[in-house]
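Inspection log for the structure reproduced underneath, given as C-alpha cells.
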Amino acid sequence: MNNYNPQEIEKKWYDFWESNRFFSPDLSEADETYTIVIPPPNVTGFLHIGHALVNTLQDVLIRWKRMSGFKTLWLPGTDHAGIATQMVVERELRKKGIEREELGQEKFVEEIWKWKEQSGNMIFKQLRRLGASCDWERERFTLDEGLSKAVRKSFVDLYNEGLIYRDDYIVNWCPNDKTALSDLEVDHTDKDGTLTYIGYPLEDGSAELVVATTRPETMLGDTAVAVNPNDERYRELIGKTIRLPLVGRMIPVIADEFVDPEFGTGAVKVTPAHDPNDFQMGIRHDLPFVNIFTKDARINDVFKPLEGQDRFEARKNIVELLKQEGVFRKVEKHPHSIGQCQRCKTVVEPRVSTQWFCKMKDMAEASLKAMNEGKIRFIPENQGRIFEEWMSNIQDWCLSRQLWWGHRIPAWYCDDCDEIMVTEEQEVTTCSKCGSNKVRQETDVLDTWYSSGLFPFSTMGWPDDTRDLEIFYPNSTLITAYDILFFWVARMVMLGIKMTDEIPFPEVFLHGLVRDENGEKMSKTKGNVIDPIDVVEKYGADALRFTLTSLTVMGRDIKLPEKIIEGNRNFINKIWNATRFTLSHIERLGTAKNLTDAAPGIFDRWIIKRFNKAATDVNRYLKEYRFNEAAKAAYAFVWHEFCDWYLEVVKPMLFGKLGDEACQASLSVLYHTLEASLRLLHPIMPFVTEELWQALPTSDGTIMLAEFPNELIGIGAEDQRAETLIDMVGVVRNIRGENNIKPNVKIDLLAVTRNKQLTEDLTSFREIVASLAGVKSVEVLESINKSEGLAGGVGKEFEVFVDLRETIDVAQETNRLEKEKTKLEAKQAQIRKKLANDSFIAKAPEAVVQKNKDELDELTAKIEKIDENLKTMQSM
RNA sequence: GGGCGCUUAGCUCAGCUGGGAGAGCAACGGCCUUACAAGCCGUAGGUCACAAGUUCAAGCCUUGUAGCGCCCACCA
C-alpha cells in the first residue's frame, strides 16, 4: 500500500476530534481569544462549492489560531431563510396535494418545523466531512428562542427610537410569492422590450398628446400626463385636461422636472400606483393612486373588459383595444431593464402597500465613520470602497414580508381605536390605549436578513449580559463571499454598531465566487456543478481544502478545474510517502532524539533554514489573508525542498556512507522537520496530517492542539555551503540531461573548486553529490589539465567536468555550451549597460550597485570558462 | 449613468512596499534510480494588452487608448 487513501481515515479522525471536544474552547483559561461566526447557511441547504470554500477558509484560520495558542471559537448556525425555505416546503406539500392556504399560517409553519427537523442541518453533516472544526455544542438557528428574543428587542428599540416606521409606499412586489421585497432582492437584467406610443386626446378635442410607454397596460392607472416645464412644445398644454382613452377618466397635464424632453415624445403618462418615479410625481402633485392589479398582478375590477387577465396578457390585449379606439400611434423596439424576484425570477411589480421600513441613513453614517476611523477593515481594500459607495447612497430598508415563515413583526393592532403597539411581549390581549380586547398581531414577518444582521451578537446571548458575549464579542473576523456584502455584512455592521455600540468585527475578508473551469457560474441547469461531497469522495477532503485555499487570491473569482484537485491530491500522496520513508528508518534514531542534541551538517542546517523561512511565510501570509501564498509556501517547501532535495541528501547518510554521527544528525533533522511540516500543513489539510502525525513515535494527543510552527530551531549566520553543492548537482544534471546520458551510465566527476571551504565540503560530502548527480565518483581538484572528451559546466565557485569519451556527441555538447553562453552574454550585456550609466551608479542604492557588480564578475568568469570548454570541443 | 476590477508562457493564473519574470497544468527528451509512475531528472516557451509619462531603474507608480468582466442606479 503505497498510496494515500482518504476514505479510510477521514471519518475516524473527525469522530476522534469531536468526541474529545477539541472544537470547544476551554473558558477557564484566560487566553487571547479568536472568534469567527459562520455565515449561516440556509437550513434547507446542501453543501455547494461556495460553502466548501468559505468554510475551508474559516477552518484554516481557526485551526491556525487554535494551534497558535488562542482560545478559539468557530460558532456554527443556520438561517431560517424566509422565502427560500417557504418555497421549498410549499413545493413538498404541493406534491402531496396540499396548498399552503388550506393549512393556514400556524399549521404551515408547523409543517416547516417538522420538515426542518427531518431534513434540516444536512449541511452540518456535510461540513463535518470537510473537516470543519466548529463548536457544535453552540449551534444556533435564527428562529431559536434566544435569537428571536434579540430580534424582538432590537425591533422594539429601533421602533421606539423612530428608526422603524410603518408607511404606505411603492415597493417591489413579487406577484408569485405575493410579498414585498427589498431593493436588494430584485435582480435587474436588460431585456428586449417595446415602446408603445399612444395618443391621449385633450378634453376639448383640440389636440392630442402622444405618450410613450414600455407598459401600455398600466395606462389604466394613469392619473396625469407629465411634461418638462421648460419644454416649449408642450408649455401651452400644462394645466389642461386629458381624457384617458378606454377609461374615460379626466386627468391633468402637469409639469415636472423629472421628465426628459429628449426621451420618446417628451410627454410621460403618470401611473403613481405602479411605477416608482410616477409614485414620487404622484406625491409631488397630489395625484390619485389608482391600483389596477390584484396581488398576483392580474387586472382588477377597475377595468371590466380585461379583469382577471395577467399583466402580460393584458399588455397585448390593451394594444388591440387602443387600436380599436384609434389612439394607438406606433410601437418601437426598446431594450430596457426589468427587475426579477431573486428567488423565483418572476418579474417584479411595483405596488403601493403598507409596509414596515427601517431608516438607514444614520446607521450608515455611523458605519462609514467607523470605517474611516479604521475600526473596521475590508480585505481586499477595494471592497471598502464598494461598501462606502453603497452606504453613501443607501435607501430605507423594507423590512416586512408577506410570508409565513420567519419572525413575526412584534406589533399589535387595536381594531377599535387603531392603536399600534410594538412590544417585546409575546402575548398582547388588550389595547394599551382603549382597553379593547379586539387586538391582533401583525401577520407580516421580517426580512430574513434582519435576524442574520444580528447574528454576531445574538448568537452570543445578546441582549442578555452573557459570558460568551463578553469573551467572544466583537468577533475577530468575518469571512464571506463578496456577493453578500450589502445583504449581510452591511446590515451586521449597522445593526451591530446600533445595538451594541461596537463594531461586530474589526476585519472582513471577502472572497470570490467559485466558477467552473470556463469561468461560468455553476448552476444545476447548466450541469456544470461540482458537488464538494463528490470531490471529497474521489480525492479526499484535504485535497479539496488545499485546492480551494491555494486558489483564494485577493479580489478574484476562482475557476476550479478538476485537474488542479488531482494535482493537489498528488501532493498529499507525496507527503504520505515521505512520511512512510522517514518512519521506515526511524527506529535507527538513537541518541539524537531531540533536535537540539543533534550536530547538524550543512545540508541539515540548510533544510532547517528553509523550513524556518516557509513557516515564517505561512504565518505572515495567513495573517494577511493571502491564502494562496500560504498554501504555495508550504507546498513548495515540502515538495521541492524537503522531498526533492533533502530526502535525497539523507539517503546516502542512511546507507552509512558518511558515518554514524552524520547519519544520526540527519535522521533527527529529517524526523523533526517532517513532524513540523505536518503541523505547518495541518490547518489546510487536517485529516492526513493527523493520520501521519499519530503514526510518529513522539506524538501525543492530537496535532490540532499541537503548536503551530514558527521557527524549528534558530540557525545562525547565512549558510551558502549547501547551496553551492546543490548548484553543482544542478550543473552536472544539466550536462547529463542535455547529452542524453542514461542514468545507468555511471560517469566520473572531476570538480575544480575555487575556494578552500568548498574543497573541504566537497570532500566530506562527495557521496551525497555523487548520489544526487548520479555519478560514480567525485574527484576534487585544484586545477585541471584539459584533455579530450571532457564536458564541462561552470558554477559560481567551481567548474565540473565529466568524461564523455564513450558517449559524447560533440555537436550536441557544443550546442549546449553555446546556448548557455548566449544566455549568459545577454545578461552580461544588460548589466554592463546598467553599470555604464553614471546616474545609476550615483543614484541607486549602494547594495543594488554592488549586487550588479558581483553578478557581472560572476558572469564574466563563467563565460570565460565556457569559452575554454568550447575550445576543447573544437579540438575533438 | 456611477462604481470596482481584469489583460503576464499553449491553458489557468501567482507576482506584497519599483531593482532576478515565476508556478501548476499541457508540450518535448530521458528514466520502473532501494518513499512515491498519483513519481524522478532534464529542456523549451513571454515586446508582462497598447501608447505616453515619472524614475538611475516600471509587470508594479501616473495619464490616456482598446478589449473583457462584475456591481450599483427610479431614464417612461
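Quick note on labels: first sequence line is chain A, next is B, and so on, each numbered from 1. Note that the structure is predicted; figures quoted are calculated from it, not measured.
- Among the protein residues, A/Y621 comes within range of no part of the nucleic acid, since none of its heavy atoms lies under 4.0 Å from any strand.
- Aromatic rings of A/F279 and A/F289 (six-membered ring for Trp) have centroids within the 6.0 Å cut-off, being under it.
- Neither OP1 nor OP2 of B/C72 sits under 4.0 Å from any side-chain N or O of A/N393.
- Within the nucleic acid shown, A/V553 comes within 4.0 Å of sugar-phosphate atoms alone, with no base atom in reach, counting heavy atoms only.
- For the P atoms, the distance linking B/A66 with B/A27 amounts to 40 Å, nearest Å.
- Under 3.5 Å, the side chain of A/N277 and the base of B/A76 form no donor-acceptor pair of N or O atoms.
- At the phosphate of B/U55, neither OP1 nor OP2 sits under 4.0 Å from any side-chain N or O atom of A/K843.
- A/F279 comes within 4.0 angstrom of no nucleic acid atom, judged by non-hydrogen atoms across all strands.
- Among the heavy atoms of the strands lying under 4.0 Å from A/R569 is at least one base atom, whether or not backbone atoms are also near.
- On a pure distance criterion of 3.5 Å, no polar donor-acceptor pair joins the side chain of A/K742 and the base of B/C31.
- Aromatic pair A/F387/A/F378: ring centres closer than 6.0 Å.
- Within the nucleic acid shown, A/R215 has no heavy atom closer than 4.0 Å to any nucleic acid atom.
- If you check B/G15, B/G19, B/C36 against the side chain of A/N577, the one that comes closest is B/C36.
- When rounded to the nearest whole Å, the span between CD of A/Q383 and C1' of B/C70 equals 10 Å.
- With both pairing distances under 3.5 Å, B/A58 is matched to nothing as a Watson-Crick or G-U wobble pair.
- In the set B/A73, B/G2, B/A14, B/A14 carries the atom at the smallest distance from any side-chain atom of A/E629.
- Side chain of A/D542 to main chain of A/V688: a donor-acceptor pair is present (N/O by atom type, distance under 3.5 Å, no hydrogens or angles).
- Across the protein-nucleic acid pair, A/N837 atom CG and B/U55 atom P stand 14 Å apart, rounded to whole Å.
- A/N228 places a side-chain N or O within 3.5 Å of a backbone atom of A/V259 that can act as its donor or acceptor partner.
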